[in-house]
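A short worksheet on the structure shown next.
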Amino acid sequence: MEFLDVVRRRRTTNGAFLPDPVSEEHQRLLMEVAGRAPSQLNSQPWRFVIVEERPTIEAIARISGESMTEAMSNGTFFERYKPYFRFSKEEMERRRDGMLFDRLPAPLRPFTSQVFTSRGQKLMNAMRVPQNLGEENRKLVAGSPLLLGVMLDRSEYRPGELSSFYSLFSMGAAMENLWLTTVEIGMGIQFVSFPMEVPGRWDEIVGLLKVPDDLELMAVYRLGYLPAEQRRPPIDWTSEHRRLPSQYVFRGTCATPQEGWDQRTNG
Ligand SMILES: Cc1cc2nc3c(=O)[nH]c(=O)nc-3n(C[C@H](O)[C@H](O)[C@H](O)COP(=O)(O)O)c2cc1C
């Protein structure tokens with residue numbers, strides 16, 4: 001595939017993968033491209049743990065599903081992510097970031113206007129919406145042939161210090177290399193981040209993966225091959241909208257937005 005096509009086609013997979021295991025050749029390729037990323041003084045602060053063992057995947061899936069249920073039922077999810085939700089197509093078109101509320105899980109749509117009120121929350125809880133969504137999430141994670149834990153070397157990742165920023169940046173570059181490569185080889189990838197939302201649950205994953213004290217577990221992803229036809233899943237978190245260049249590019253100084261590029265980008 002042409003490189004620019006790969007970049008333009010890169011997406012987050014929020015549906016199911018094929019059950020087929022990820023070939024060793026592809027596993028090695030993904031690790032190779034990740035390892036080719038730039039890093040501060042070539043420190044290569046990233047570490048990866050590849051997980052294909054069913055009991056571990058199922059245990060992490062259970063933690064993920066339960067965390068989602070918890071974060072959605074106690075209100076932390078909606079409180080934390082309120083700024084990212086757009087409530088009309090017009091607002092989405094104008095701002096071009098975040099997610100249209102329509103794209104939120106189907107079971108939540110009837111409560112669109114109430115979801116940020118305590119009454120709405122009670123209603124959703126009474127209808128067991130968080131349980132249903134958590135179970136969907138558990139199934140998606142459990143049905144993945146491969147999970148990938150991404151860690152940083154704590155001697156580089158020292159929160160509060162410049163090297164912490166550098167190592168996060170380097171990890172992002174490594175992950176983008178890997179993410180783009182999934183497009184080339186017919187694979188998909190999605191963050192498994194709900195366990196980070198609920199105190200204590202991330203530590204359970206740290207324990208399951210036997211992450212040593214000198215490493216920090218930064219992220220967990222699920223990966224697999226994509227089915228020929230992808231159905232829109234009940235939990236649909238991604239958005240294809242992107243800001244226009246005039247909304248994120250300046251010219252000369254930050255006082256002057258870039259003009260004249262918007263049409264070509266979209267055309
Ligand atoms: C730091 C970070 C955290 C993210 N967390 C999640 C997540 O928890 N679940 C998920 O499905 N996608 C997650 N995403 C993916 C974004 O939602 C996604 O990139 C964005 O909506 C644009 O969609 P696209 O990747 O399909 O282009 C995350 C992305 C980043 C960079």
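Throughout, residue positions are numbered sequentially from 1 according to the sequence presented. Atoms within a ligand are numbered from 1 in the order they appear, just like the ligands themselves. Hydrogens, waters and symmetry mates are skipped; everything else that's a heavy atom, side chains included, is used.
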Query raised in the report: Listed by chain and number, what are the side chain to side chain donor-acceptor pair (under 3.5 Å) partners of E197, not counting sequence neighbours?
Result: R80, Y81

Query raised in the report: Going by atom types alone, do N125 and S73 pair a side-chain donor with an acceptor below 3.5 Å?
Result: no

Query raised in the report: R242 near ligand 1, heavy-atom distance under 4.0 Å?
Result: yes

Query raised in the report: Considering only heavy atoms, which of Y84, Y221, F191 lies nearest to atom 13 (C) of ligand 1?
Result: F191

Requested in this report: Output yes when the distance from some N or O of ligand 1 to some N or O of R11 is under 3.5 Å, and no in every other case.
Outcome: yes

Query raised in the report: Applying a strict 4.0 Å limit to heavy atoms, is E240 in contact with ligand 1?
Result: no

Requested in this report: Using a 4.0 Å heavy-atom cut-off, say whether R9 meets ligand 1 through its side chain, its backbone, both or neither.
Outcome: neither

Requested in this report: Report the residues that fulfil side chain to side chain donor-acceptor pair (under 3.5 Å) with R36, sequence neighbours left out, ordered by chain and then residue number.
Outcome: E32

Query raised in the report: Is there a donor-acceptor pair closer than 3.5 Å between any side-chain N or O of R86 and the backbone N or O of D97?
Result: yes

**Report entry** Sidechain-backbone polar pair: T13 side chain, I189 backbone, donor-acceptor under 3.5 Å
**Finding:** yes

Query raised in the report: If you measure from each non-hydrogen atom of M99 to ligand 1, which part falls under 4.0 Å: side chain, backbone, both or neither?
Result: side chain

